[in-house]
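Working notes for the structure below.
Values below: every heavy atom of this structure, side chains too, minus hydrogens, waters and symmetry copies.
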Amino acid sequence: MSEAVDWRKRHLDALREMETEERRWRGVEQILRRLVSRLCGLAQSSDERLNSQLQSLSAAARRDADEAQLSALFDALTSAIIAADQPLPARPASAEAKAPAAKPASPPPTPVPPTTPAPTTTAPMTPAAASAAPRWQASCDAVALLLERLGRANSNAEDLANMRAQLAAADTDVALAAVLRRVGDLVAEHSAVVARERSEAVMTLSQVTDRLAEITQFLSGAHADRERDHEDRETLNIDLLAQVSRLSDEVRTNDDLAALRALVTDRLDSVATNVRNFREREQHRFAEHAARSERMHSRLAALENESRELSRNLDLEKQRSRIDTLTRVANRVSFDERFAEELDRWKRFQHPVAILVWDIDHFKSINDACGHRGGDAVLREVAVALSGGRRGVDFFARFGGEEFVSLLVGTELGDALLVAEEMRVSVQQLRFHFHGSPIRVTVSCGLTALREGDTADSVFDRADAALYKAKNGGRNACIAA
């Protein structure tokens with residue numbers, strides 16, 4: 001029973017965790033909807049049809065429209081944007097241009113001197129365009145933040161890399177809308193996965209509850225059998241005592257030997273009948289109990305097998321949710337959990353802990369030159385090089401994009417800098433080629449150690465600032481702070 005109750009608790013915990021994840025993704029979806037609404041407000045133009053579509057999309061995002069409605073609105077908006085991007089027809093000539101050339105009041109145009117340079121083809125930026133530039137960048141930054149959060153949720157790394165590339169190349173509303181639409185699809189896909197896992201957990205919990213009910217019913221039946229067995233024994237004892245008592249009274253009051261013999265025989269037959277009936281009832285109860293026990297044994301064996309399988313699946317899913325799908329090292333979720341543990345442990349024991357933040361130098365150029373598959377190969381090999389040789393107490397994870405992070409437990413900052421240099425050199429010695437040409441891959445590192453009064457944010461910010469110093473100082477370096 002204790003194991004069954006423990007499994008029920010584990011399934012309830014898993015269900016609560018899935019509900020928390022579902023609520024988190026609903027929050028992301030609401031942020032995405034607000035972002036769509038904000039972008040629609042920023043993208044207002046002089047084209048009435050485009051403005052109308054933007055207003056419709058903004059209203060749909062605010063009222064939580066479903067996927068089909070949003071998809072139709074996106075298609076209509078795309079058509080309106082394409083129509084708005086078509087070159088406008090030539091403007092009609094002005095009233096002055098339409099007037100006859102011989103009009104006396106119109107002096108002949110002044111000829112342009114030959115030395116006057118031809119007018120540039122690039123129109124000066126209008127005040128509206130100048131104010132729209134930072135708003136466009138803010139919108140792109142918001143979409144990039146959404147992509148980063150999707151990466152933390154262990155979404156498909158290749159899809160995210162493609163979307164980051166599309167976002168970097170986006171220069172029109174149509175291109176940005178395409179990225180947003182794919183982001184919405186990924187959010188919907190992840191929400192569907194969470195909902196499906198929650199449904200499976202609910203079904204599993206229901207099955208476990210049914211099995212526990214069967215066990216309870218079996219124990220109740222066994223208790224009832226014991227009660228009936230006890231009552232039957234008491235009844236037999238009372239009957240036997242009554243028969244013996246009546247037989248003793250009749251022997252004392254009757255002197256006829258033949259009559260006594262017949263009386264004793266009759267009483268003994270009655271006692272034998274009672275005992276025989278009792279034994280038959282007892283055997284019947286024993287057979288029923290044995291059958292129930294056999295059924296319950298089978299049920300318990302099946303439940304134990306299912307519990308072991310569910311335990312393996314839960315452990316596997318938990319492990320998968322904490323492993324980066326591309327590099328096969330720990331992900332951001334694992335790092336956050338481990339860092340919190342190390343910070344709490346440091347506050348109690350003050351054992352030295354160093355944090356190293358890594359970034360692949362010029363990774364965007366590598367991606368542009370080698371493509372996303374080549375970039376993924378670089379990420380995997382760099383992860384192997386940085387994680388190789390670490391001790392069992394140390395920790396290494398992919399923080400996101402081309403950033404990695406290491407925790408060196410029990411290592412002072414000076415020693416951690418030496419270790420970081422060895423790791424940096426191991427990456428520098430990697431050999432990559434693309435179409436026969438060598439590709440140079442290096443990393444930069446910012447590191448620091450836990451200090452009095454530190455929080456998780458302050459420690460990471462300090463290491464991140466040291467990383468930027470390494471970047472600004474020429475890269476392929478390790479800086480301690």
Side-chain angles (χ1 to χ4, degrees), residues 137-138 140-153 157 160 164 168 324 326-327 329-344 346-347 352-367 375 378-379 382-383 385-387 390 394-409 411-424 426-428 441-481:
Q137 186 59 44
C140 293
D141 291 343
V143 178
L145 179 60
L146 280 174
L147 291 175
E148 180 184 352
R149 292 188 177 181
L150 284 171
R152 295 178 190 175
L160 290 177
R164 289 190 182 99
D324 180 61
L326 176 62
T327 60
V329 299
N331 62 9
R332 173 72 177 274
V333 176
S334 295
F335 168 75
D336 290 340
E337 292 178 354
R338 177 65 181 271
F339 192 34
E341 293 172 3
E342 293 299 338
L343 187 59
D344 290 341
W346 180 85
K347 290 177 180 178
V353 178
I355 176 174
L356 289 66
V357 180
W358 301 91
D359 187 88
I360 301 177
D361 298 328
H362 301 295
F363 184 72
K364 185 178 185 303
S365 300
I366 296 173
N367 246 347
V378 170
L379 285 171
V382 169
L386 292 177
S387 62
R390 72 176 186 271
D394 296 336
F395 184 81
F396 178 76
R398 183 185 180 192
F399 193 76
E402 65 271 20
E403 285 193 353
F404 298 89
V405 63
S406 305
L407 292 176
L408 304 184
V409 181
T411 306
E412 299 287 353
L413 185 58
D415 295 332
L417 182 58
L418 297 177
V419 175
E421 283 293 335
E422 293 177 359
M423 298 167 71
R424 179 190 63 78
S426 68
V427 174
Q428 183 178 336
V441 176
T442 60
V443 292
S444 298
C445 176
L447 62 152
T448 189
L450 294 181
R451 302 173 186 172
E452 192 66 38
D454 266 338
T455 64
D457 290 338
S458 67
V459 177
F460 195 87
D461 289 344
R462 194 163 60 244
D464 205 37
L467 172 63
Y468 276 99
K469 287 184 180 179
K471 289 282 192 182
N472 294 332
R475 295 180 170 83
N476 192 23
C478 299
I479 301 294

pair Arg398-Arg332: side-chain heavy atoms closer than 4.5 Å: no
Using modelled atom types only, decide if a donor and an acceptor are shared between the side chain of Asn472 and the backbone of Tyr468 within a distance under 3.5 Å. yes
CD-CD distance between Glu337 and Glu341, expressed to the nearest 0.5 angstrom: 7.0 Å
Taking the ring centre of each residue, are Phe399 and Phe460 less than 6.0 Å apart? yes
Euclidean distance, Ile479 CD1 relative to Leu467 CG, rounded to 0.5 Å: 10.0 Å
Do you know the tightest heavy-atom contact between Phe395 and Arg338? CD1-NH1, 3.5 Å
When rounded to the nearest 0.5 angstrom, what distance separates CD1 in Ile355 from CD in Glu342? 11.0 Å
Validation row: Trp346, Val459 side chains within 4.5 angstrom (heavy atoms): no
Heavy atoms, side chains only, cut-off 4.5 Å: are Val441 and Phe363 in contact? no
Residues at least two apart in sequence or cross-chain that pass salt bridge (Lys or Arg N to Asp or Glu O under 4.0 Å) with Lys471, listed by chain then number, are Asp359, Asp361
Less than 4.5 Å apart, any side-chain heavy atom of Leu408 and any of Val353? no
From Asn476 atom CG to Gln428 atom CD, the distance as rounded to the nearest 0.5 Å: 4.5 Å
Qualifying residues under side chain to side chain contact (heavy atoms under 4.5 Å, CB included), relative to Ala385, sequence neighbours excluded: Ser426, Val427, Leu430
Applying salt bridge (Lys or Arg N to Asp or Glu O under 4.0 Å) as the test, list every pair that has at least one member in residues 455-470; sequence neighbours left out. Asp454-Arg462
Can you see which heavy atom on Ala477 is nearest to which on Ala470, and at what distance? O-CB, 3.7 Å
Report yes if the side chains of Val382 and Leu386 come closer than 4.5 Å at any heavy-atom pair, otherwise no. yes
Does anything in residues 399-409 pair up under side-chain hydrogen bond (donor to acceptor under 3.5 Å, both in side chains), and if so which pairs, sequence neighbours excluded? Trp358-Ser406
In the structure I gave you, are the side-chain heavy atoms of Leu447 and Leu417 within less than 4.5 Å of one another anywhere? yes
Please check if the side chain of Asn331 supplies one atom and the backbone of Ser334 the other of a donor-acceptor pair under 3.5 Å. yes
Residues forming a salt bridge (Lys or Arg N to Asp or Glu O under 4.0 Å) with Glu421, sequence neighbours excluded: Arg424
Heavy-atom donor-acceptor pair, Asp394 side chain to Val409 backbone, under 3.5 Å: yes
Are the side chain of Thr327 and the backbone N or O of Ala383 linked by a donor-acceptor pair below 3.5 Å? no
Taking the side chain as every heavy atom from C-beta outward, state whether Met423 and Phe404 have any pair of such atoms under 4.5 Å apart. no
Work out which heavy atom in Ala420 is nearest to a heavy atom in Cys478; give both atom names and the distance. O-SG, 3.7 Å
All side-chain hydrogen bond (donor to acceptor under 3.5 Å, both in side chains) counterparts of Thr411, not counting sequence neighbours: Arg391
Correct closest heavy-atom pair for Leu413 and Ala481 would be CD2-O, 3.7 Å
Can you name the closest pair of heavy atoms from Cys445 and Leu356 and give their distance? SG-CB, 3.9 Å
